[in-house]
Amino acid sequence: KTFFTPKRKKTAIEEFLEEALLKYSTNFKQLDGFSRNPIITIKRKKIMIDLYNNGISASEIARLFKRTSTVIYNAIKGSK
């Protein structure tokens with residue numbers, strides 16, 4: 001018998017987030033804060049938009065980034 005705990009499957013949001021972080025060459029710790037550095041805010045907004053376009057709800061993205069869903073909708077609206 002083997003005694004091990006199987007790896008937890010990644011959720012869709014974790015998979016999309018991982019792809020986006022690689023795409024924009026950043027890490028989540030940088031984006032999670034409330035920095036107003038333009039380089040970081042642009043990356044954060046682009047990742048929010050990517051997640052939204054991949055079917056993740058605005059409320060889930062907001063919880064992930066510790067923001068309100070209005071911030072997510074404004075990021076999407078601003079990108080068009």
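If you're wondering where the values come from, they're calculated on a predicted model, not measured in any experiment.
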To the nearest 0.5 Å, how far apart are CD in Glu60 and CD1 in Ile72?
11.5 Å

So how far is it from Glu15 CD to Glu19 CD, rounded to the nearest 0.5 Å?
7.0 Å

Can Ile40 be reached from Val71 by stepping across I, L, V, M, F, W or Y side chains whose heavy atoms are under 4.5 Å apart?
no

Ile47 reachable from Ile42 in the ILVMFWY side-chain graph, under 4.5 Å edges:
no

Give, for atom CD1 of Ile56 and atom CZ of Arg63, the distance between the pair rounded to the nearest 0.5 Å.
11.0 Å

What's the spacing between Leu21 CG and Lys29 NZ if we round to 0.5 Å?
14.0 Å

Any residue meeting side chain to side chain donor-acceptor pair (under 3.5 Å) with Tyr24, in chain and number order, not counting sequence neighbours:
Asp50

Tightest non-hydrogen contact, residues Ser69 and Ala62, listed as N-CB, 3.6 Å

Within the 4.5 Å heavy-atom criterion, are Ser35 and Arg44 side-chain neighbours or not?
yes

Answer yes or no: is there a side-chain heavy-atom contact under 4.5 Å between Asn37 and Thr41?
no

Please give me the minimum heavy-atom distance between Phe16 and Leu51, naming the atom from each residue.
CB-CD2, 3.5 Å

One should read off an interatomic distance between Ile39 CD1 and Thr26 OG1, to the nearest 0.5 angstrom, of 10.5 Å

Those residues that, when tested against Asp32, pass side chain to side chain donor-acceptor pair (under 3.5 Å) (two or more places apart):
Lys66

Hphob cluster co-occupancy, Met48 + Ile13, side-chain heavy atoms under 4.5 angstrom
yes

Trace of the side-chain contact (heavy atoms from CB on, under 4.5 Å) decision for Lys77 with Asn74:
CA-CA 5 Å; Lys77 189 172 81 173; Asn74 285 332; 4.2 Å; yes

Decide if atom CG of Leu22 counts as having more than 12 heavy atoms of other residues, nucleotides or ligands within a radius under 6.0 Å.
yes

Can you check whether Phe65's main-chain N or O pairs, donor with acceptor, with Arg67's side chain at less than 3.5 Å?
yes

